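Positions are given from 1 along the sequence. All values below come from the heavy atoms of this structure, side chains included, with hydrogens, waters and symmetry mates left out. One-based numbering, in listed order, for ligands and for the atoms of each. Model, not experiment: these values are computed from the prediction.
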Amino acid sequence: MLLLSSVTKRYGDVTALDRLSVTVPDDTYVSLLGASGSGKTTLLRVIAGFEEPDSGVVTYDGRRLDGIAPHRRGIGFVFQNFALFPHLSVGDNIAFGLRYREENPLTDTAEMRQRVADVIRLVGLEGLETRKVTAISGGQRQRVALARTLVTEPRVVLLDEPLGALDANLRERMCDELRSIRERLKVTFLHVTGSETEALLMGDTVAVLSAGSIAQIAPASSLFSAPHSADVARHLNAYNILSGKADGGRFLSDCARFVMPGHPAVQDGTPIEVALRFDRIFVGSADAGEAPEASISARFIASEFNGSSVLSFFRAEDGTLLQVVAHLSGPPPESFEEGALYNLAFNPQDIIPFIKRAA
Ligand code: ADP
Ligand code: MG
């Protein structure tokens, strides 16, 4: 098990990792979700040993990794840009690490051929072994980068935005393949991404990295349905976040006032943020009698079709932007009139309240 304890890494004035602690279990697919600049690459580089932390400890099965050279850590790294040798063939790129490693370089040609052939089969590159890496597709280059790491039999594989350079179709296929390759090898994959969809789809466990530390780590489904903070909810891109205050067991803001079942026991006036899922909002006409108690009145701006769902944007009177998702598997969504007023209603049970921490 890989363990980071209070790891800090600074670059001049920038604190890329800020007392970060996390446990990465064995035999798991972990996705690490974070905005650009949140420290994802730095975290991987510290784990791999390309950077030493300013403070804190990294251990694997209780053994400290600091001071151990990257190639002796048993950790593989698949770089964001693949970093292949352009003048070498697919097979030679994959064999490179075994052939030229400092310790115990592999010289037995038969064994080398066998191991390269095995990993080529594992990642689905059969028939391309002698091809130059400049003469294969982006998706195939991605597989070479993965194969080159896997052939060294690491315990943990770090993948830095591995699907970023691929187009949408290919990305989906590689997602499935990465998961099944990992399952066959029983190693841990730590997959870094800026995409919440990818993080939730890939990870058995999802960690959210925010400003250099782990905001939450949890199984994908519980992270999605029960984020622990407004910050984590924001990363999921599936929740409206409203800012207001507590008022007699209710949430009160300039655009809304509704009961908060299970609300935190706090004094009136305490700053509160509530998260409300895009797909838990029902849009009703503003002149259909009295508005339901848990609702927000807002004007329709625009809709966007995304394959299996429609995302609609509304703006409340105080300027708050609200997003509503209707899944196309349900009843056909109504079309709304631009600029018209609607009631966005919801079940108060679906509200997740958070006490707002001072910045
Ligand atoms: P991410 O991969 O999440 O986009 P990074 O880990 O690359 O984030 O960077 C985290 C922060 O550290 C950023 O503010 C970035 O500018 C800074 N940073 C990263 N590497 C260096 C470096 N070698 N020198 C100076 N600043 C760096
Ligand atoms: Mg990065």
Residue pair Glu198 / His191, side-chain donor-acceptor N/O under 3.5 Å: yes
Tyr11 six-ring centre to Lys9 NZ/CZ under 6.0 Å and within 45° of normal: yes
Ser213 versus Asp18, side-chain donor and acceptor atoms under 3.5 Å: no
The Mg ion (ligand 2) neighbourhood, protein N/O/S only, threshold under 2.8 Å: Thr41 OG1
Every residue of the protein that comes under 4.0 Å of ligand 1, judged on heavy atoms: Tyr11, Val14, Ala16, Ala35, Ser36, Gly37, Ser38, Gly39, Lys40, Thr41, Thr42
Stacked cation flag Arg73 on Tyr60, 6.0 angstrom / 45 deg: no
Neighbour count >12 (heavy atoms, 6.0 Å) for atom CZ, Arg173: no
Within 6.0 Å of CD in Glu317, more than 12 heavy atoms from elsewhere: yes
Phe85 six-ring face occupied by Arg148 cation (under 6.0 Å, within 45°): yes
Distance-only side-chain donor-acceptor flag, Asp231 / Ser229, under 3.5 Å: no
Thr270 versus Lys245, side-chain donor and acceptor atoms under 3.5 Å: no
